[in-house]
Amino acid sequence: MIPKAIKENIYWVGYIDWDRRLFDSLIPTPHGTTYNSYLIKGSEKTALLETVDFGKEEYLLKTLKMANIKKIDYIVANHGEQDHTGTLPKILEAFPESKIVTNPKCKDLLQSFLLVPEDRFIVIKDNDEISLGDKTLQFMIAPWVHWPDTMFTYLKEDRILFTCDFLGSHYATSELFVLDEREVYLSAKRYYSEIMMPFRTSIIKHLERISKIEIEIIAPSHGPIYNDPYFIIEAYKDWAGDSVKNQVVIPYVSMHGSTRAMVEYLSEVLSKKGIEVKLFNLEIADAGELLMSLVDAATVVIGASTMLVGPHPLAYYATYIVNAVRPKTKFVSIVGSYGWGGNTVETLKGLITNLKVELIEPVYIKGYPKEADFKALDKLAEDIYNKHKKLGL
Ligand code: FEO
């Protein structure tokens, strides 16, 4: 890849992964991603911020050669996950005088994942600074966005905040800076929902802290760089804040059409009441689209057929994921159908223990819905409507 100048003596030297379609063997990345590595040439020392994903070391070494780099003094690791550190051992080997600059938690992870020897580390504390001569790196420990080791690096003279995963997006582009705000907004929201949403409390705290420093550019380690930092800061405030929208998300699976008939009826009734409904057939739904919809929705209704004596595995899986990402959703209900019995509702209720939600009485029926069942769904829709109204939606 070609080194790209962000400002004088500051370069992007990362890798654009146009082909990547899955992250963590779980999360779809329909727009690929980038692993952003940054090179900062001070008047006395040179620093590399992050490396790139495992297996991409030849690209990074070639890019550094094109930037005419013969010596690296510091390799800053803002976070230990291997998409930013997988090539560290090779870079340490290529630049034997270089030291990894990081915090104690990240050091521990790097030693554990990559077997980096003790003498290759410089361990910093919150607010510590390292001088590159005419440029200064200041470190801000920022745990739990999204691992316990995460931190930011602030390049003081140029007012650039390097945030690693935080504020990033899985969006492959040859452009250095955000060009199409709408596209990047959606990719950043998808990324937030998949990676950051469980850590809303930490996010709010870190947003407050960075609001106190002067920032000209935010340079994350995935996706394009923000030359309007407030575009992404404001988006994060909205997503991580407490307010929800007048929306109901319905992930569902239906084996023989009964549960489908219920969720379709429920969505029509809700829609007539002015509530936006997002329906996800779990046979075909994109997990990222489902997670994105959870960022704002006031209510989630799980539609689940019973298979044997419990929830269909797709409903179980979706409920497990919803619980894991801890959306700010206020209300949950369950609808669906069984043949001869089972404990689907109780099993699904037991899967949402992370959520601070009020459970609205489920509608769980035998076989295909009949008149009384549709009436029960009318009542569920009315309950949802009234609860949304109480929230001022
Ligand atoms: Fe992009 Fe948590 O690694």
Side-chain angles (χ1 to χ4, degrees), residues 10 36-51 71-86 88-89 91-92 95 97-168 195-196 198-221 229 233 236 240:
I10 305 164
N36 299 338
S37 178
Y38 299 101
L39 181 71
I40 304 170
K41 292 182 184 173
S43 56
E44 292 170 19
K45 305 272 187 186
T46 297
L48 184 70
L49 270 66
E50 327 293 1
T51 63
K71 183 170 180 263
I72 292 175
D73 299 283
Y74 305 119
I75 305 171
V76 176
N78 278 323
H79 169 39
E81 196 165 5
Q82 291 92 326
D83 51 325
H84 310 290
T85 61
L88 253 179
I91 305 301
L92 288 171
F95 297 94
E97 61 290 288
S98 61
K99 299 270 188 194
I100 299 172
V101 179
T102 194
N103 62 72
K105 285 205 168 73
C106 188
K107 178 193 165 197
D108 173 61
L109 293 175
L110 293 178
Q111 287 190 304
S112 162
F113 297 154
L114 305 169
L115 313 178
V116 179
E118 183 75 28
D119 64 356
R120 298 304 296 268
F121 286 98
I122 296 173
V123 178
I124 53 83
K125 303 186 296 302
D126 193 35
N127 282 325
D128 276 1
E129 295 182 359
I130 280 187
S131 173
L132 307 179
D134 59 347
K135 294 186 187 296
T136 314
L137 301 176
Q138 185 180 39
F139 306 102
M140 304 169 73
I141 309 283
W144 295 113
V145 284
H146 62 134
W147 279 16
D149 65 324
T150 43
M151 69 177 198
F152 311 145
T153 299
Y154 182 53
L155 181 55
K156 288 173 88 172
E157 293 76 7
D158 295 278
R159 296 175 293 282
I160 303 177
L161 187 68
F162 297 91
T163 54
C164 198
D165 282 336
F166 190 54
L167 310 174
I195 311 283
M196 296 290 163
F199 309 105
R200 292 195 304 116
T201 310
S202 300
I203 288 170
I204 297 289
K205 204 169 76 184
H206 299 322
L207 286 175
E208 276 167 17
R209 185 173 179 195
I210 67 173
S211 73
K212 296 189 177 86
I213 57 174
E214 204 183 334
I215 303 171
E216 203 176 293
I217 289 172
I218 286 178
S221 293
I233 287 175
Y236 259 62

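Hydrogens, waters and symmetry mates are skipped; everything else that's a heavy atom, side chains included, is used. Residue numbers start at 1 and run along the sequence shown.
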Discussion item. Could you check whether Asn78 and Glu50, counting side-chain N and O atoms only, form a donor-acceptor pair closer than 3.5 Å?
Written reply: yes
- request: List the steps, then state whether side chain to side chain contact (heavy atoms under 4.5 Å, CB included) holds for Val145 with Asp165.
  value: CA-CA 7 Å; Val145 284; Asp165 282 336; over 6 Å; no
Partner of Tyr74 under side chain to side chain contact (heavy atoms under 4.5 Å, CB included), picked from Leu132, Leu48, Leu49, is Leu132
Problem set entry | Donor-acceptor contact below 3.5 Å, side chain Thr51 vs main chain His84 | yes
inquiry  = Could you check whether any side-chain N or O of Tyr236 sits under 3.5 Å from a backbone N or O of Leu167, counting only pairs where one atom can act as donor and the other as acceptor?
reply    = yes
In terms of heavy-atom contacts, Asn36 and Pro220 come closest through ND2-O, 2.9 Å
I'd like to know if the side chain of Ser43 reaches the main chain of Asp134, judged simply by a donor and an acceptor atom lying under 3.5 Å from each other, with no hydrogens or angles considered.
yes
The side-chain hydrogen bond (donor to acceptor under 3.5 Å, both in side chains) partners of His206 (sequence neighbours excluded) come to none
Next item on the list: State whether the side chain of Asp149 and the backbone N or O of Gly80 hold a donor-acceptor pair below 3.5 Å, judged by distance alone.
Entry: yes
Would you call Met140 and Leu161 a side-chain contact if the rule is heavy atoms closer than 4.5 Å? yes
Closest non-hydrogen contact found for Lys71 with Thr46 is O-CB, 3.7 Å
Applied to residues 208-220, the side-chain hydrogen bond (donor to acceptor under 3.5 Å, both in side chains) test, sequence neighbours excluded, yields Lys7-Glu216, Asp126-Arg209, Asn127-Arg209, Arg159-Glu216
Atom NZ of residue position Lys99 - does it have more than 12 heavy atoms of other residues, nucleotides or ligands inside 6.0 Å? yes
